[in-house]
Enquirer: 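Structure incoming, see below.
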Amino acid sequence: MADFKVLISQEEIETRIKEIANQIDQDYQGKKVTLICILKGAFIFLTDLVRNINKNDIIIEFMAVSSYGNEKRSSGKIKIIKDVDRDLTDEHIIIVEDIVDTGLTIDFLIKYFNNKGVASVKTCSLLDKAVCRKIDVPVDYSGFTIEDRFVIGYGLDLAQEYRNLPYVAEIKED
Ligand code: 5GP
C-alpha cells in the first residue's frame, strides 16, 4: 500500500467540473464538439465532465496513448495504443487529459490532430503541473494547478492501481 494523503477532495472536483462544463457549454454554443478522452487516466474525469455539459451535440471518442520511459514521467516518445475510430476532419475537438506534466503528450496530440485537418483543437485537463513543463502548451480548460507531486486517484494510477479513489491524492515520498 502506498502512503498517500488527499490533495483535492471529491467536493472540490465536483464543483470545478461543473464550472468547466458550463464554460464548454458557453464556448461551443451552436457548434458541435468532439471530446477525445485520453485513456486510461482521463476516463473518470470525462464521464463526470460530460454529465455536466448541457448541450447534446457533443460526440465522445476514446484514444489510448503511452509514453516510453520510466513510469512516473513522460519521455516524450508517445505511442498510440488506440486511435479514434472516426475521421475528425473539420470537427471542433477538445482533448481531455487527466494531467499535463511536461506537456509532451498534449503537444504530440495537438499536432497529431491538426495534421488530420480538424477545425479547431482545445485542451482540457483535470490537473496541470505547470512548473514541470518542458514545452509550452495551451491548457484551455484546466481544473487545478498543482505542484510537482506524483498524484493518484480519480483516474490516475500508481502502477495501474488506485484509479478508483474518488479524490486526488498525493503520494508521500520518503
Ligand atoms: P506529460 O507528457 O505532460 O509529461 O505527461 C502526461 C501523462 O503523464 C499523463 O497523462 C499521465 O499519464 C502521466 N503523469 C504525469 N504526472 C503524473 C502524476 O502525478 N500521476 C500520475 N498517475 N500520472 C502522471
Side-chain angles (χ1 to χ4, degrees), residues 1-10 12-14 16-17 20-21 24 34-50 60-84 88 93-116 118 121-174:
M1 278 285 288
D3 198 6
F4 61 85
K5 69 164 197 244
V6 178
L7 184 68
I8 307 169
S9 71
Q10 209 171 343
E12 287 175 288
I13 296 171
E14 265 173 37
R16 187 71 191 108
I17 286 182
I20 296 173
I24 291 174
T34 301
L35 280 82
I36 302 171
C37 174
I38 307 302
L39 298 171
K40 300 175 189 170
F43 81 108
I44 294 184
F45 177 40
L46 186 278
T47 53
D48 281 347
L49 181 66
V50 295
I60 295 156
E61 295 292 341
F62 294 90
M63 183 166 182
V65 298
S66 78
S67 93
Y68 302 99
N70 79 46
E71 298 248 316
K72 288 193 178 177
R73 181 137 286 161
S74 159
S75 65
K77 294 190 194 106
I78 315 298
K79 185 174 163 197
I80 297 176
I81 311 281
K82 181 213 170 303
D83 206 343
V84 292
L88 302 182
I93 67 161
I94 303 178
I95 300 168
V96 181
E97 262 282 25
D98 51 355
I99 185 164
V100 180
D101 180 20
T102 62
L104 295 169
T105 306
I106 212 110
D107 182 63
F108 169 87
L109 291 169
I110 292 169
K111 288 177 179 146
Y112 181 77
F113 285 112
N114 273 327
N115 283 335
K116 298 249 171 204
V118 296
V121 186
K122 281 197 179 180
T123 59
C124 175
S125 183
L126 177 71
L127 304 169
D128 183 355
K129 280 194 208 172
V131 290
C132 298
R133 274 314 184 281
K134 286 191 181 156
I135 186 162
D136 190 25
V137 286
V139 184
D140 301 293
Y141 304 100
S142 166
F144 302 89
T145 300
I146 62 167
E147 297 301 312
D148 184 10
R149 303 275 153 71
F150 192 81
V151 290
I152 54 169
Y154 201 77
L156 291 106
D157 73 310
L158 174 64
Q160 301 301 330
E161 297 181 355
Y162 298 98
R163 293 192 197 274
N164 58 321
L165 293 178
Y167 45 78
V168 173
E170 161 187 344
I171 300 272
K172 286 195 205 159
E173 313 251 11
D174 19 61

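Heavy-atom basis, side chains included; hydrogens, waters and symmetry copies ignored. Not measured: the values here are computed from a predicted model. Counting starts at 1 for both ligands and their atoms, following the listed order.
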Enquirer: So is there a nitrogen or oxygen of Gly103 less than 3.5 Å from a nitrogen or oxygen in ligand 1?
Expert: yes
Enquirer: Is any side-chain heavy atom of Lys129 closer than 4.5 Å to one of Thr102?
Expert: no
Enquirer: Is the backbone of Ser142 close enough, under 3.5 Å, to the side chain of Arg16 for a donor and an acceptor to pair up by distance?
Expert: yes
Enquirer: Is there a side-chain contact between Ile94 and Thr123 (heavy atoms, below 4.5 Å)?
Expert: no
Enquirer: Between Arg149 and Ile171 (side chain of the first, backbone of the second, donor and acceptor by atom type, cut-off under 3.5 Å), is there such a pair?
Expert: no
Enquirer: Can you tell me if Ile99 has a non-hydrogen atom under 4.0 Å from ligand 1?
Expert: yes
Enquirer: My understanding is that we take every heavy atom of each candidate and find the minimum distance to atom 10 (O) of ligand 1. Doing that for Asp98, Leu126, Val151, Val65, which one comes out nearest?
Expert: Asp98
Enquirer: Within a distance under 4.0 Å of any heavy atom of Glu97, pick out the atoms of ligand 1 and give their elements.
Expert: 10 (O)
Enquirer: Would you call the rings of Phe4 and Tyr162 parallel, tilted or perpendicular if under 30° counts as parallel and over 60° as perpendicular?
Expert: perpendicular
Enquirer: Considering the heavy atoms of Lys129, write down every atom of ligand 1 situated less than 4.0 Å from one of them.
Expert: 16 (N), 17 (C), 18 (C), 19 (O)
Enquirer: Short list, please: which atoms of ligand 1 are under 4.0 Å from a heavy atom of Thr105?
Expert: 1 (P), 2 (O), 5 (O), 6 (C)
Enquirer: Say whether Asp107 and Tyr112, considering side chains only, have a donor N or O and an acceptor N or O under 3.5 Å apart.
Expert: no
Enquirer: Heavy-atom contacts with Asp101 under 4.0 Å: which atoms of ligand 1 show up? List them by number with element.
Expert: 1 (P), 3 (O), 4 (O), 5 (O), 15 (C), 16 (N)
Enquirer: Taking the non-hydrogen atoms of Arg149, is any one of them nearer than 4.0 angstrom to ligand 1?
Expert: yes
